[in-house]
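Below, chain A is the first sequence line, B the second, and so on; all start at residue 1.
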Amino acid sequence: MAADMSKHAALDKYYSYSFLVPGMLVYGIIFVFPTLMSFFFSFTRWDLSTWTFIGFDNYKSFFHEYALVKSLSNTIVYAVLSSGCKVVLGLLLAVACCSKLRTKGYLEAVIYFPNILSPLAVGIMFSSLMHPTKGLFNQMLSLLGILGPDWLGNPRLALYSIILTDIWKGVGVSTVIYIAGIKAIPTEYYEACMVDGGNSLTKFANITVPLVRPARNTVIILSFIGGLRSFGLVWSMTQGGPGFASDVLASVIYKQYINGFYGLSIAGNVILLLLVSVIAFPLYRFLNRKEEML
Amino acid sequence: MKAKKWMAVVDIVAVVVSSAIFIVPFLIVILNAGKTQQEAAALQLSLPKTWHFIKNLEAVFSYQNRAVLRAFLNSMILTFLSVIGIVIVSSMTGFILQRRRNRFTGSLNYLVLGGLIVPPAIVPTIWLLKLLNLFKTIPGLALVEVALNFSFSTIMYTSFLSTVPREIDEAGIIDGCGPYRLFFQIIFPLMKPITATVIILAAVNVYNDFMNPLYFLPGAKNLTVQLTLYFFQGQFESSWNLLFADILIISLPSLIFYMIFRQRIISGTTAGAIKG
């Protein structure tokens, strides 16, 4: 071990720190530095050139405005619902893709396909599908004799319609992560289950579900963080409307920015950052600890 | 025999259902991109009565002095610059972070991982780019894209390098390589497979990005393809045929990429996700 260490140390001069310089310059200046500065600027009134320190005023106005508080709860609803559905649907789709179906290759390709479209293109596509009178959704519902809702125009429904679109676009990523997880399960377990007289349902419940846990944790974390940060679909489908019914933090940050409220926009950014950190890091810990206990 | 027939039925059902859910929405885009304005306004899933596809494409391309063509050029330049930058900085960083393990590189590793979680602070970045005279420029946006894709790509490189034995480095050193020759002549060529994956994933990611061009390239001078679609959405509200034609045009590069590199895109997404 000691010899190994010294051998590594001997090579160290070939692994020169100078290789880190380009990456750290770009990442440090363009990403880390603005992130740190955002904490400072969130306490100022700022026009991008001169700033006045105003303490917690940006945060106070953020939490005093109903529309902005609403965006915070919308963001959480968005993240919880979209990631929850992706966790469940992704697993079911992955099981189908790992089955004996001859068309499973096609299934995987088709399920993943929406993910390579841009969020803007998907947003416009689904705005047309969700058109209250002419859209495909309501056309199909009317065939069943149901009067379809105004998916994006109804303030109580708009957010959920966007979440539905988000699931359609993103479930493929969860599916392929699950597929990798299922393929990593040794086939002996399934064979043993067959010997014990298990059917496909018991195989799924007793082997796939518990053993796919690492993949599921990845899906939870990724889709949850993605949901908290979501912007493109919201902006292209409703711009946060009607009113502010489907506003999320990312859309509020943009709105405050284009209206020139830079301090408020940055305060929104910091709140998003804190929200992501407060949820993501403990979630990560929690999920990993459970894994160790097994 | 019965089981076989049963499986065939399940196969057919699976194909029909998955296509209906995941392909039909895009099919509507394709079909309506070939219709006249009045016909497309009905948003039906039906073949066009007469094909206006070429006419619509012409209309989209000639709109506002070929804004879409210029946007294509801009998007290509942006994607090209960003991808080159991502490969250079991530491969070099990944090399050191994987090969040299000490407290310093350990904490840098955490800093890099943080980039996967922390949402970018956009307004301070705009302020910074303004100071550097890079705001509203393609190179400025490319820098932002490099910084935002840096974490994911670096992790791809570190996890790939952990499968490349150190004996190869030692052999190179014995043959008289210095640090730079070791990396550029031995390690970097060995990383070709992961570099290909990083290039493909980053290219699709940057090309499809909508939020950052919206913030960093406001105004009509330097549009990317996603921004043309965004402005079309506002101006062509009643011309679904043109809007869909534009969606089709700008999705085409990603679609072609997907058809050629599907396996690599999927395996790259999976590997990156699990390592992260």
K.L.:
Compute both the distance and the angle, then confirm whether B:Arg100 meets the cation-pi test with A:Tyr14: under 6.0 Å from the six-membered ring centre, within 45 degrees of the axis.
P.N.:
no
K.L.:
Do the side chains of A:Val276 and B:Val118 get nearer than 4.5 Å, heavy atoms only?
P.N.:
no
K.L.:
Using 30° and 60° as the class boundaries, would you call the ring planes of A:Phe113 and B:Tyr258 parallel, tilted or perpendicular?
P.N.:
tilted
K.L.:
If you measure from CG on B:Leu143 to CD1 on A:Ile30, what distance do you get to the nearest 0.5 Å?
P.N.:
5.0 Å
K.L.:
Please flag which part of B:Leu243 lies under 4.5 Å from any non-hydrogen atom of chain A: side chain, backbone, both or neither.
P.N.:
side chain
K.L.:
Using the ring of each side chain (for Trp, its six-membered ring), is B:Phe150 parallel, tilted or perpendicular to A:Tyr27, with breaks at 30° and 60°?
P.N.:
tilted
K.L.:
Below 4.5 Å from any heavy atom of chain B, which atoms of A:Lys100 appear? Answer side chain, backbone, both or neither.
P.N.:
both
K.L.:
Counting only non-hydrogen atoms closer than 4.5 Å, does B:Ile88 touch chain A with its backbone (N, CA, C, O), its side chain (CB onward), both, or neither?
P.N.:
neither
K.L.:
Please classify the contact between B:Phe104 and chain A as side chain, backbone, both or neither, with a heavy-atom cut-off of under 4.5 Å.
P.N.:
side chain
K.L.:
What part of A:Leu272 gets within 4.5 angstrom of chain B, counting heavy atoms only: side chain, backbone, both, or neither?
P.N.:
both
K.L.:
So which part of A:Ile225 gets closer than 4.5 Å to some heavy atom of chain B, the side chain, the backbone, both or neither?
P.N.:
side chain
K.L.:
Mind checking whether B:Phe95 and A:Phe19 have ring centres under 6.0 Å apart?
P.N.:
yes
K.L.:
Pick one of side chain, backbone, both or neither for B:Phe26, based on which atoms fall under 4.5 Å of a heavy atom in chain A.
P.N.:
both
K.L.:
If I measure from the heavy atoms of chain A, does B:Phe184 come under 4.5 Å with its side chain, its backbone, both, or neither?
P.N.:
side chain
K.L.:
Do A:Tyr254 and B:Tyr215 make the cut of ring centroids closer than 6.0 angstrom?
P.N.:
yes
K.L.:
Of the backbone (N, CA, C, O) and the side chain (C-beta and beyond), which part of A:Leu222 lies under 4.5 Å from a heavy atom of chain B, both, or neither?
P.N.:
side chain
K.L.:
Give, as side chain, backbone, both or neither, the part of B:Ser90 having an atom under 4.5 angstrom from any heavy atom of chain A.
P.N.:
neither
K.L.:
Please round to the nearest 0.5 Å and tell me the distance separating atom CE of B:Met7 and atom OG1 of A:Thr103.
P.N.:
8.0 Å
K.L.:
At a heavy-atom separation under 4.5 Å, does B:Asp209 approach chain A through its side chain, its backbone, both, or neither?
P.N.:
neither
K.L.:
Answer with side chain, backbone, both or neither: which region of B:Val144 has an atom nearer than 4.5 Å to a non-hydrogen atom of chain A?
P.N.:
both
K.L.:
Counting only heavy atoms closer than 4.5 Å, note whether B:Val225 contacts chain A via side chain, backbone, both or neither.
P.N.:
neither
K.L.:
Do A:Tyr112 and B:Thr269 have a side chain donor and acceptor closer than 3.5 Å?
P.N.:
yes
K.L.:
At under 4.5 Å between heavy atoms, what parts of residues 259-267 of chain A are in contact with chain B? List them by residue number.
P.N.:
A:Tyr262, A:Ser265, A:Ile266
